[in-house]
**Q** 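Before anything else, here's the structure in question.
Every heavy atom of this structure was used, including side-chain atoms; hydrogens, water molecules and symmetry mates were not.
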Amino acid sequence: MIRVVPYSPEYYELWENFVAESNNGTLFHRLKFLDYHPENRFAFHHLLFFQREKLVAVLPAALTEENTCLESPIGASYGGLVVKDMKYHEHEPIVDALTNYAVSSGLTKIRLTTAPFIYQKKLTQNLDYALAYKGYHFERHYISHAIPLEQTSDFTAHFSPTARRYIHQCERNQDLIVELAQNQKGFEEFYPILLENKARHNAKPTHTFEEILRLKEFFPNSIHLFLVRYKGKAIGGSLLFDSNEQVTLCFYNMLLYEFNYLHPIHYVMDKVTKWAIQRKFRYVDIGVSQNTAAENQMTPAYSLIEFKEKFCSTGILRSTFIKHFNNTDRSNKLW
């Protein structure tokens with residue numbers, strides 16, 4: 001039988017080590033990452049799953065909807081159960097334990113947004129199937145895009161002819177450079193560009209400037225800023241989070257639109273992919289491509305998808321599972 005234990009600080013090192021050694025854990029599942037949030041911003045309710053004394057899964061989560069829903073992630077890009085590489089039959093008791101914990105706690109639903117399969121060390125859908133079999137269904141999908149990397153110095157050859165042409169133009173422009181920013185000044189130049197880009201879509205960045213600096217302080221070797229400059233002025237860039245050994249994520253890809261004629265983002269993407277290949281990543285995740293203004297949240301942003309496909313990216317799903325509970329569930333626990 002699996003025992004579910006709410007997180008307490010005594011489990012900190014055990015949790016962090018488990019995520020690092022897991023099959024599907026990411027930066028976003030780490031407690032150290034979630035610590036960047038101000039205290040009391042979220043009602044965090046992380047869970048650990050033990051089989052006897054052995055830790056077999058963790059779930060970073062929070063209570064939402066007036067404490068009636070256990071949701072994962074909150075304050076991060078990806079959540080869901082983190083497990084090691086296991087046989088299929090070992091997954092079902094973990095899902096059962098999660099369900100029973102929710103029922104016993106009086107919750108009405110569980111919502112899990114898991115990391116896409118590319119984040120796994122060993123590709124498997126055992127956990128997805130166990131969730132589906134146990135009554136968790138898809139609430140929604142978002143289409144995301146990732147560049148599958150081949151370990152070659154000539155990866156740009158896989159880009160579209162248009163992308164290659166723009167990159168060559170950038171390379172010939174002596175006023176245009178891409179640099180890997182190493183200090184706070186670069187972030188200070190980048191953040192106003194991020195604010196302006198988001199404002200064009202009536203949105204705000206996920207992170208404040210101070211939060212980005214805090215994350216960079218927490219993870220100095222996992223967060224990277226590529227800046228593109230024109231005649232010394234920062235005109236765009238890409239902020240990357242190394243999510244795990246398999247994937248680096250372009251969290252923000254931004255530019256000053258008056259310089260769009262120079263095609264600086266093409267130049268940045270060229271540098272990012274070559275850098276990621278050198279770092280031995282398997283994928284560059286370039287994020288979801290949804291039309292946020294549409295009534296249907298799943299509506300694709302077609303022009304954004306076409307732009308991403310120029311860089312040899314392929315569509316992947318960012319999916320959310322949900323399970324609702326009712327009085328029948330409460331009277332029919334699995335143990």
**Q** Are any of the side-chain heavy atoms of V95 and E92 separated by less than 4.5 Å?
**A**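 Contact flag for V95/E92 side chains = no.
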**Q** As an exercise, state the distance from NE2 of H137 to NE2 of H324, rounded to the nearest 0.5 Å.
**A**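 One finds 5.0 Å between NE2 of H137 and NE2 of H324.
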**Q** Using only atom types and a distance under 3.5 Å, with no angle test, would you say the side chain of K122 pairs donor to acceptor with the backbone of N23?
**A**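 Not confirmed, K122 side chain does not pair with N23 backbone.
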**Q** Between Y78 and Y119, is the gap from one ring center to the other below 6.0 Å?
**A**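 Centroid separation for Y78 and Y119: below 6.0 Å.
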**Q** Working to the nearest 0.5 Å, report the span between OH of Y283 and OG1 of T314.
**A**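 Rounded to the nearest 0.5 Å, the OH-OG1 separation comes to 8.5 Å.
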**Q** Take Y267 and E171, measure what side chain to side chain donor-acceptor pair (under 3.5 Å) needs, and give me the verdict at the end.
**A** CA-CA 8 Å; Y267 205 17; E171 290 173 336; 5.6 Å; no
**Q** Please check if atom CD in E39 has more than 12 non-hydrogen atoms from other residues, nucleotides or ligands closer than 6.0 Å.
**A**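 Count not over threshold, so no.
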**Q** Any idea how F251 and F28 line up, ring-wise: parallel (<30°), tilted (30 to 60°), or perpendicular (>60°)?
**A**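 Ring orientation of F251 relative to F28: tilted.
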**Q** Using 30° and 60° as the class limits, which term best fits the ring planes of F219 and F33: parallel, tilted or perpendicular?
**A**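 Correct class here is tilted.
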**Q** Can you confirm whether or not the ring centre of H266 sits under 6.0 Å from the ring centre of F311?
**A**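 Centroid separation for H266 and F311: below 6.0 Å.
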**Q** Kindly state each residue pair satisfying ring-ring contact (aromatic ring centres under 6.0 Å, His included) with at least one member in residues 175-201, sequence neighbours excluded.
**A**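 Sorted result for residues 175-201: Y191-F209.
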**Q** Taking all non-hydrogen atoms of both residues into account, name the closest pair between Y101 and P6 and its distance.
**A**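 Smallest heavy-atom distance, with atoms named: OH-CG, 3.5 Å.
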**Q** What closest approach, in Å, do F307 and I265 show between heavy atoms, and which atom pair accounts for it?
**A**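 F307 and I265 have their closest heavy atoms at CZ-CG2, 3.6 Å.
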**Q** Name all residues meeting the side chain to side chain donor-acceptor pair (under 3.5 Å) criterion together with Y252; count only those two or more places apart in sequence or in a different chain, and write none if there are none.
**A**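 Y252: side chain to side chain donor-acceptor pair (under 3.5 Å) contacts with H207.
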**Q** Within the distance-only criterion (no hydrogens, no angle test), does the side chain of N24 pair as donor or acceptor with the backbone N or O of V83 below 3.5 angstrom?
**A**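 Such a contact is found between N24 side chain and V83 backbone.
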**Q** Short question: side chain of N244, backbone of V247 - any donor-acceptor pair under 3.5 Å?
**A**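 The answer is yes, because a donor-acceptor pair under 3.5 Å joins these two groups.
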**Q** Looking only at the side chains, is there a donor atom on one of Y136 and T99 sitting less than 3.5 Å from an acceptor on the other?
**A**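 The criterion, which ignores hydrogens and geometry beyond distance, is satisfied for T99 and Y136.
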**Q** Is a side-chain donor or acceptor of S72 paired with a backbone partner of G79 at a separation under 3.5 angstrom?
**A**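 Judged by distance alone, no pair lies under 3.5 Å.
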**Q** For residues R229 and I235, determine if any side-chain heavy atom of one lies less than 4.5 Å from a side-chain heavy atom of the other.
**A**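 They are not in contact (no side-chain heavy atoms under 4.5 Å apart), so the answer is no.
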**Q** Under 6.0 Å from the NZ atom of K204, do we count more than 12 heavy atoms belonging to anything else shown?
**A**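 Not more than 12 within 6.0 Å, no.
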**Q** Give the minimum heavy-atom separation between L70 and L63, together with the two atoms involved.
**A**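 Scanning both residues completely, I find the closest heavy atoms to be CD1-CD2, 4.0 Å.
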**Q** Kindly give the cluster partners of L14, where membership spreads through any ILVMFWY side chain lying under 4.5 Å from a current member.
**A**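 Result for L14 is V5, Y7, Y11, Y12, W15, F18, V19, L31, L48, F50, L55, V58, V82.
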**Q** Can you tell me how far CD of E188 sits from CG of L213, rounded to the nearest 0.5 angstrom?
**A**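 Nearest 0.5 Å value for the CG-CD distance: 7.5 Å.
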**Q** Quick one: does E211's side chain have a donor or acceptor within less than 3.5 Å of a partner on T208's backbone?
**A**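 Such a contact is found between E211 side chain and T208 backbone.
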**Q** Start with the C-alpha gap between E139 and K323, add the side-chain angles, then the distance that decides, and say whether salt bridge (Lys or Arg N to Asp or Glu O under 4.0 Å) holds.
**A** CA-CA 9 Å; E139 181 180 41; K323 183 173 175 65; over 6 Å; no
**Q** Can a donor-acceptor pair be found, under 3.5 Å and without considering hydrogens, that links the side chain of R214 to the backbone of Y36?
**A**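 Side chain of R214 to backbone of Y36, a donor-acceptor pair under 3.5 Å: yes, one is there.
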**Q** Do R3's NZ or CZ and the ring of F49 fall within the cation-pi criteria of under 6.0 Å and 45°?
**A**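 That pair does not qualify as a cation-pi contact.
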**Q** If you compare all heavy atoms of L255 against all heavy atoms of N197, which two are closest, and at what distance to 0.1 Å?
**A**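 Heavy atoms only, the tightest pair is O-ND2, 2.6 Å.
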**Q** For T26, does its backbone N or O pair with a side-chain atom of H29 as donor and acceptor, under 3.5 Å?
**A**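 Such a contact is found between H29 side chain and T26 backbone.
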**Q** With a 3.5 Å distance limit and no angle check, can you tell me whether Q290 reaches the backbone of Y142 through a side-chain donor-acceptor pair?
**A**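 A pair under 3.5 Å: no.
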**Q** State, to 0.1 Å, how close A234 and L227 come at their nearest heavy-atom pair, and which atoms those are.
**A**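 Minimum heavy-atom contact is CB-CD2, 4.2 Å.
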**Q** Give, for atom CD1 of I212 and atom CG of L194, the distance between the pair rounded to the nearest 0.5 Å.
**A**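 Reported to 0.5 Å precision, the distance equals 6.0 Å.
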**Q** By the definition side chain to side chain donor-acceptor pair (under 3.5 Å), identify the one residue from S144, S289, S303, S313 that meets it with K308.
**A**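 Only one option passes, and that is S289.
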**Q** Distance check, rounded to the nearest 0.5 Å: N67 atom CG versus H45 atom NE2?
**A**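 Answer for the CG-NE2 pair, N67 versus H45, is 9.5 Å.
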**Q** Once rounded to the nearest 0.5 Å, what's the spacing between atom CG of L256 and atom CD1 of I193?
**A**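 CD1 of I193 is found 4.0 Å from CG of L256.
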**Q** Using the salt bridge (Lys or Arg N to Asp or Glu O under 4.0 Å) rule, take D96 and K134 through it: C-alpha gap first, then chi angles, then the decisive distance, then the call.
**A** CA-CA 7 Å; D96 287 341; K134 296 295 181 175; 3.3 Å; yes
**Q** Carefully, step by step, assess E189 and K185 under the rule salt bridge (Lys or Arg N to Asp or Glu O under 4.0 Å).
**A** CA-CA 6 Å; E189 294 177 280; K185 182 178 182 296; 3.4 Å; yes
**Q** Using a 4.5 Å cut-off on heavy atoms from C-beta on, say whether the side chain of T320 contacts that of L112.
**A**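 Counting from C-beta outward, L112 and T320 never come under 4.5 Å.
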**Q** Is there a donor-acceptor pair under 3.5 Å between the side chain of H37 and the backbone N or O of G75?
**A**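 Yes; at least one donor-acceptor contact below 3.5 Å.
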**Q** Does E245 have more than 12 heavy atoms from other residues, nucleotides or ligands lying within 6.0 Å of its CD?
**A**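 Count not over threshold, so no.
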**Q** Using salt bridge (Lys or Arg N to Asp or Glu O under 4.0 Å), reason through D242 and R279 one step at a time and then give a plain yes or no.
**A** CA-CA 10 Å; D242 294 347; R279 295 281 302 278; 3.0 Å; yes
**Q** Look at atom CD of E10 and say whether more than 12 heavy atoms of other residues, nucleotides or ligands are closer to it than 6.0 Å.
**A**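 Counting other residues, nucleotides and ligands, CD of E10 exceeds 12 neighbours.
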**Q** Give me the atom names and distance for the closest heavy-atom approach of L249 to S77.
**A**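 Minimum heavy-atom contact is CD2-OG, 4.5 Å.
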**Q** Parallel, tilted or perpendicular for Y129 and Y133, by the 30°/60° rule?
**A**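 The rings of Y129 and Y133 lie parallel, inter-plane angle below 30°.
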**Q** Taking F259 as the starting point, is it possible to reach L176 by hopping between hydrophobic residues whose side chains are less than 4.5 Å apart?
**A**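 Yes, L176 connects to F259 through the hydrophobic network.
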**Q** Counting distance only, does the side-chain N/O of Q120 pair as donor-acceptor with the main-chain N or O of T124 below 3.5 Å?
**A**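 Flag set: sc Q120 to bb T124 pair under 3.5 Å.
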